[in-house]
Amino acid sequence: MNYFSSDFKLGILGGGQLGKMLLYNTRKFDIYTCVLEASNEAPCKTACDEFHLGDLMDYDAVYNFGKQVDVLTIEIENVNVDALEALEKEGIKVYPQSETLRTIQNKAKQKLFYVDNELPTAPFSRFAYLSEIEDAINNGGLELPFVWKAAQFGYDGNGVKVVRQLSDLEHLPKGECIAEELVPFKNELAVIVARNASGDTKTFPVVEMEFHPEANQVEYVICPARISTEVANKAREIALNVSKAFNHVGLLAVEMFQTKDDDILINEVAPRPHNSGHQTIEASYTSQFEQHLRAILDLPLGRTDSKVGGVMVNLVGAEGHTGNVVYQNIENIMTMDGVTPHIYGKKQTRPFRKMGHVTIVNEDLNEARRVAEEVKKSIKVISE
Ligand code: ADP
């Protein structure tokens, strides 16, 4: 099929920053795009060819949108999968496939998938209701501490809580959840695997993720991860095995824990461009966004090695600030070598909302990490 400067239409479900960065690449290739999104103020609005307003969880909205495009992809997992399945049956190419999304949307299902496919992950128990966790603790069937995770609709750490005592269960959502063993990890790692429709695969280098202790959000992504070659090879191999098991098309970001004994445990996956791959825009020969496009259009995959060391800093809304956004000291960080800010285009900030990111590149990764900390201290996302 001719995608370039043609009548071909790519549909994207979701209008957030991941979609916006994907759209830089559809512009580069002159591919026509349609975006479905519920908010009229979404980052994708000014970057796509057609912007459609609609609820991503609504069957009709997703189905009717999907009927108008040739290939349909996502930039967020919480979409109506029944509609995607119907579209697939009618010949629309949906990548990632509805089956992959159905497994991933529910954390309990996702964990069972790893068990069924003999992929390493932390032990867990599944509960239909939160109250069953309480019963299990009281009758000795579940030991503290553990990590509670909502089975569905958690995002950026808000569906996750370390439970050390019974009272930690108060105020948690009441529905389906899992209790997972608390992993005393050394590092959180991620590998992005690209797989095109012909089945060719490539992995990006292993990255290291440093998390904000309170918000449970990624604060720094460091590429390549400062780990031994053995551990890096193991992480890449496991990520490839996960990719093979899903048989997905497009990107698959595999988040993993490196344990104290250098074992690798799969935490979770996302079948789309991911926060752990933003540094590829400046630091890699092929960005994750270009690679996702290449994969879902069944084009040859691009080189995945890095040109230079890269560190990514998330720009999230400062605590105590809600309202029209101001990026304080942005000029300051732009005087620093190898520093590129990305502003997502959300007009309103609120505490911990992802508003942008900054990439720092340097031949010397430790220097990049040092500058990243300076960037983090200098720039503030506040309200007017
Ligand atoms: P989300 O889907 O919201 O990103 P994750 O399942 O990735 O949630 O969990 C968010 C963070 O919580 C992880 O990156 C990690 O820091 C911590 N975490 C999750 N599961 C465990 C675990 N089993 N043991 C220790 N920490 C965990």
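Ligands are counted one by one from 1 in listed order, and the atoms in each one are counted from 1 as well.
Atoms of ligand 1 lying under 4.0 Å from at least one heavy atom of K149, given by number and element, are 6 (O), 19 (C), 20 (N). Atoms of ligand 1 found under 4.0 Å from any heavy atom of F211, numbered from 1 in the order shown, are 14 (O). In summary, the atoms of ligand 1 found under 4.0 Å from a heavy atom of E188, numbered by their order in the structure, are 13 (C), 14 (O), 15 (C), 16 (O). Near V183, meaning under 4.0 Å from one of its heavy atoms, ligand 1 places the atoms 22 (C), 23 (N), 24 (N), 25 (C). Taking a cut-off of under 4.0 Å to the non-hydrogen atoms of L182, the atoms of ligand 1 that pass are 24 (N), 25 (C). Set against the non-hydrogen atoms of E180, the atoms of ligand 1 under 4.0 Å away are 20 (N), 21 (C), 22 (C), 23 (N). Residue-ligand proximity, E255 to ligand 1, at heavy-atom distances under 4.0 Å covers atoms 7 (O).
Look at R102 and E77 and you find no salt bridge, because none of the NZ, NE, NH1 or NH2 atoms lies under 4.0 Å from a carboxylate O. Between E268 and K149 no salt bridge is recorded (no basic side-chain N to carboxylate O distance below 4.0 Å).
Taking the six-membered ring where the residue is Trp, the centroids of F113 and F246 are separated by under 6.0 Å. The ring of Y344 has its center closer than 6.0 angstrom to the ring center of H357.
For the pair F185 and ligand 1, a heavy-atom separation below 4.0 Å is found. Contact analysis puts K107 in contact with ligand 1, with a non-hydrogen atom separation below 4.0 angstrom.
Taking the six-membered ring for Trp and thresholds of 30 and 60 degrees, Y3 and F8 have ring planes more than 60 degrees apart, a perpendicular arrangement.
Heavy atoms of other residues, nucleotides or ligands lying less than 6.0 angstrom from CG of D337 number 12 at most.
The shortest side-chain heavy-atom distance between H278 and V221 does not fall under the 4.5 Å cut-off.
Only the side chain of N267 comes within contact range of ligand 1, with a heavy atom under 4.0 Å; no backbone atom does.
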